[in-house]
Amino acid sequence: MTDLERQGTLMWSLVTCSSDTDAPKGSADSFVAFAMDDGTYWTAAEVAPFSHVGQMVAQWEVLEPSLRRADPTAGSQVNPERVVAPLPQPGKLICAGANYRDHLREMGIAEVPPTMEPFFFLLPSTSISGPGDQVTIPADPAAKVDWEAELGVIIGVPARNVPPGRALDLVAGYTVVNDISSRGRHRRPDPLAPPFAFDWLSSKGEDGFTPIGPGLRPAWFIDDPQKLSIRLWRNDILEQDGTTADMIFNVAQLVSAASERMTLQPGDVIATGTPAGVGAGKERFLADGDSIRVEIAGVGALVNGISVRSAVLA
């Protein structure tokens with residue numbers, strides 16, 4: 001959709017809402033709404049049957065034509081108590097590592113190896129948290145808990161071995177991801193052998209360590225996923241200020257590469273890597289009371305608070 005075609009178009013995202021501030025994610029009291037760019041929320045016939053966005057993505061090929069024609073403001077305006085993670089339990093949370101040139105440079109890698117291929121790791125669905133959720137981190141400063149602003153890609157079509165030229169056809173939409181990482185737990189102190197030196201699960205897979213949201217911005221609202229600014233503020237201090245144009249492997253290449261390694265299913269999420277500005281490059285890490293805001297142009301803004309985990313008494 002060009003800027004000219006977008007003039008007068010109602011811009012929206014699909015969000016999962018809850019009428020109960022204390023309800024767990026994905027609970028029966030949740031519902032889907034259209035989140036308009038003017039800050040209002042609406043329900044309409046297109047979203048009424050669904051309790052969370054993941055249910056809609058599971059039927060994306062069927063629902064997409066009616067969603068493209070939807071006028072959310074023809075429905076009813078609502079005021080949800082809170083917006084929660086759009087997909088409470090993605091089938092797969094696939095993360096791309098080392099995918100921005102400027103991030104490699106800040107981590108001490110001057111040149112991208114010519115033979116480099118996309119690198120992926122998987123995280124559990126229990127690591128998902130949503131907009132406004134408190135992310136609890138270890139009290140031990142040696143954990144060195146870091147932030148990573150990332151563009152999230154939500155798959156809407158099942159596929160395997162898809163070439164890059166067709167890969168964007170699989171994308172239902174985009175979201176914002178913060179890949180919170182415990183740098184101090186990434187390298188094992190006592191590996192059995194060199195292949196076991198790194199522990200991706202322990203460093204990134206803790207409960208709540210992957211905030212996602214606020215919603216799903218349909219792919220047809222994004223002209224080019226490689227022309228999006230991506231920024232992160234910690235306590236109103238700008239820490240990351242990048243662009244998806246700096247990706248080593250673009251969205252289409254990542255989706256294609258992931259489909260070569262596994263069958264992609266509707267509702268799978270691919271986090272596409274982070275630009276420069278992470279805490280590890282500055283030896284600054286998250287602390288109790290911090291607030292993190294990640295903003296991706298055209299996609300949305302995701303805000304989370306940080307709190308230190310209380311000690312558990314035996």
Side-chain angles (χ1 to χ4, degrees), residues 1 6 9-18 25-26 30-37 39-44 46-70 72 75 78 80 82-94 125 128-133 149-158 167-178 210-225 228 230 244 251 254-255 264-272 294-303:
M1 180 181 294
R6 188 175 284 121
T9 298
L10 297 170
M11 300 286 288
W12 48 264
S13 296
L14 293 171
V15 296
T16 301
C17 303
S18 176
K25 61 185 182 181
S30 65
F31 61 95
V32 178
F34 292 98
M36 310 304 292
D37 280 5
T40 60
Y41 297 87
W42 298 76
T43 60
E46 293 84 0
V47 300
F50 304 101
S51 62
H52 60 77
V53 174
Q55 292 176 340
M56 297 189 69
V57 176
Q59 303 178 41
W60 195 255
E61 289 183 281
V62 174
L63 297 175
E64 180 179 346
S66 62
L67 287 170
R68 282 180 176 268
R69 299 188 301 267
V78 293
R82 63 172 179 156
V83 175
V84 297
L87 291 84
Q89 291 186 317
K92 293 186 285 294
L93 180 52
I94 306 163
S125 61
I128 298 292
S129 54
D133 286 349
E150 308 201 14
L151 175 67
V153 178
I154 300 174
I155 300 299
V157 180
L168 293 185
D169 295 339
L170 310 185
V171 178
Y174 300 92
T175 192
V176 181
V177 176
N178 188 356
T210 316
I212 290 179
L216 178 155
R217 176 72 96 181
W220 60 82
F221 287 131
I222 302 296
D223 292 335
D224 185 347
L228 305 177
I230 177 167
T244 55
V251 170
L254 289 176
V255 172
L264 298 180
Q265 299 285 2
D268 290 347
V269 177
I270 301 176
T272 55
V294 183
E295 186 174 301
I296 301 179
V299 178
L302 175 65
V303 180

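All residue numbers refer to positions in the sequence shown, counting from 1. We use all heavy atoms of the structure for the numbers below, so side chains are in, but hydrogens, waters and symmetry mates are not.
The shortest non-hydrogen separation linking G213 to P131 is CA-CG, 4.3 Å. Closest heavy-atom contact between V15 and V53: C-CG2, 3.6 Å. Nearest heavy atom pair, residue A70 against residue P72, reads O-CD, 3.5 Å. Of all the heavy atoms in A219 and V171, the pair that sits closest is CB-O, 3.6 Å. For the pair D133 and G130, the tightest heavy-atom approach, listed with the atom from each and the gap, is OD2-N, 2.7 Å. The nearest pair of heavy atoms linking P266 to A58 is CB-CA, 4.0 Å.
With a 4.5 Å cut-off on side-chain heavy atoms, V84 and C17 do not count as touching. Using a 4.5 Å heavy-atom threshold, the side chains of L216 and S13 count as separate. Taking the side chain as every heavy atom from C-beta outward, V153 and V255 approach each other to under 4.5 Å. Side-chain contact between I222 and V299: present, with at least one pair of heavy atoms (C-beta onward) separated by less than 4.5 Å. Put simply, the side chain of S51 does not reach to within 4.5 Å of the side chain of F31, judged on heavy atoms. You'll find the side chain of V47 reaches within 4.5 Å of the side chain of M56, heavy atoms only. In this structure, the side chains of T175 and L151 stay at 4.5 Å or more apart for every pair of heavy atoms.
Judged purely by atom type and a 3.5 angstrom limit, T244 uses its side chain to pair as donor or acceptor with the backbone of P225. In this structure, the side chain of D268 engages the main chain of K92 through a donor-acceptor pair within 3.5 Å. Counting only distance, with no hydrogens or angles, the side chain of S30 and the backbone of T16 share no donor-acceptor pair below 3.5 Å.
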key: Criterion side-chain contact (heavy atoms from CB on, under 4.5 Å) on L93 and I128, from CA distance to verdict   = CA-CA 9 Å; L93 180 52; I128 298 292; 3.8 Å; yes

key: Residue pair V157, E61: steps toward the side-chain contact (heavy atoms from CB on, under 4.5 Å) verdict   = CA-CA 7 Å; V157 180; E61 289 183 281; 3.8 Å; yes

request  = Could you go through the side-chain contact (heavy atoms from CB on, under 4.5 Å) check for M36 and W42 one step at a time?
outcome  = CA-CA 8 Å; M36 310 304 292; W42 298 76; 3.4 Å; yes

key: Worked check of side-chain contact (heavy atoms from CB on, under 4.5 Å) between I212 and V176   = CA-CA 6 Å; I212 290 179; V176 181; over 6 Å; no

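D37 is linked by a side chain to side chain donor-acceptor pair (under 3.5 Å) to R217, counting only residues two or more places apart in sequence or in another chain. With sequence neighbours excluded, no residue forms a ring pair (Phe, Tyr, Trp, His ring centres under 6.0 Å) with Y174.
Atom CG of L14 is separated from atom CD1 of I154 by 9.0 Å, given to the nearest 0.5 angstrom. Between the CD atom of Q59 and the CD atom of E64 there is a distance of 13.5 Å, given to the nearest 0.5 Å. Considering CD1 of I155 and CG of L87, their distance stands at 11.5 Å, rounded to 0.5 Å. For the atom pair CH2 (W60) and CD (Q55), the distance works out to 13.5 Å, reported to the nearest 0.5 Å. Atom CD1 of I270 is separated from atom CD of E150 by 12.0 Å, given to the nearest 0.5 angstrom.
Ring pair F34/W12: centre-to-centre distance below 6.0 Å.
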